[in-house]
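The block underneath contains the structure these notes are about, expressed in structure tokens.
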Amino acid sequence: MSETAVNLVELDVRPHLSKKLEPFQLIMDTVKGLKHEDVFVLHAPFKPTPLLGILKMKGYSSTSERLESNHWVTTFVHKKNKAARGKIAAAVELNTSVRRESASLSVEDSASDNVSSYCEGHPEEMALTLDFEGSPQEAILQEPTIILDNRGLEPPQPMMRTLAALERCKPGEVVLIHNDRVPVFLIEELNQLGCLYTVDDQADGTAKVRIEKG
């Protein structure tokens, strides 16, 4: 994280997600330490839709910009921030411009390497020959599959983990999740993303969802 003259506080969670680490607690710890005059700038591989609603309830307005396929910049400003909006916007734009130029140079340097960083592997839960119940199954699941057990996690962690997993996948790959309940808000997001999914209600009230990235 770094700060500027307008109390710009940055957090980049892309390294955490690339290492398969859950960044939600880190984000909330950072937010907890913010002052009203601070401007929080979050760098993530996707638009943090669930987080926008959570921080809105805490008094933050937000704007998001996509710099690259795997780089979103979201700026949060508290309603009690007394700094001029123009001054805040100028500071954020300057910071974003530097990031954009840096990203452009990086792309030029690696132009000969035709490998996208959009999908950089899978969590350790990856399985190729397991069905949703975890029993051996012969060649039914041909494509790589990520299995996430989201039970016991506080919202919006299940949704953020699932969206992060989907971001690391290629079209056609499958993410299997086990949640405490049917993930209504996630399903709305999946509809917007064009992902195919099936919901399997369990006898204990939990739900398993099979998601195919569109």
Can [Y] be reached from [X] by stepping across I, L, V, M, F, W or Y side chains whose heavy atoms are under 4.5 Å apart?
X	Y	value
M160	I187	yes
L163	L153	no
I27	W72	no
Y197	V175	yes

Hey, what do you get for [atom1] ([X]) to [atom2] ([Y]), rounding to the nearest 0.5 Å?
X	Y	atom1	atom2	answer
M28	L51	CE	CG	6.5 Å
L26	L11	CG	CG	5.0 Å
H178	N150	NE2	CG	9.5 Å
L176	I211	CG	CD1	8.5 Å
T49	E189	OG1	CD	4.5 Å
R161	F24	CZ	CZ	13.0 Å

Close side-chain approach of [X] to [Y], heavy-atom, < 4.5 Å:
X	Y	value
L34	Y60	yes
N179	V209	no
S62	L55	no
K47	R66	no

Subject >> Any residue meeting side-chain contact (heavy atoms from CB on, under 4.5 Å) with K35, in chain and number order, not counting sequence neighbours >> reply: E37, D38

Original post:
By side-chain contact (heavy atoms from CB on, under 4.5 Å), which residues pair with L196, not counting sequence neighbours?
Top reply: E212

Please name the pair of heavy atoms, one in [X] and one in [Y], separated by the smallest distance, quoted to 0.1 Å.
X	Y	value
L42	P48	CD2-CG, 4.1 Å
R14	D12	NH2-OD2, 2.6 Å
G214	P171	O-CB, 3.6 Å
L166	K213	O-NZ, 2.9 Å
E167	F46	OE2-CB, 3.3 Å
S18	P15	OG-O, 2.7 Å

Subject >> Under 3.5 Å: donor-acceptor pair, side chain of N7, backbone of V39 >> reply: no

**OP:** Can you sort out the partners of R151 under salt bridge (charged side-chain N to carboxylate O under 4.0 Å, His left out), two or more places apart, ordered by chain and number?
**Re:** D149

**OP:** Classify the ring geometry between H78 and H36 as parallel (under 30°), tilted (30 to 60°) or perpendicular (over 60°).
**Re:** parallel

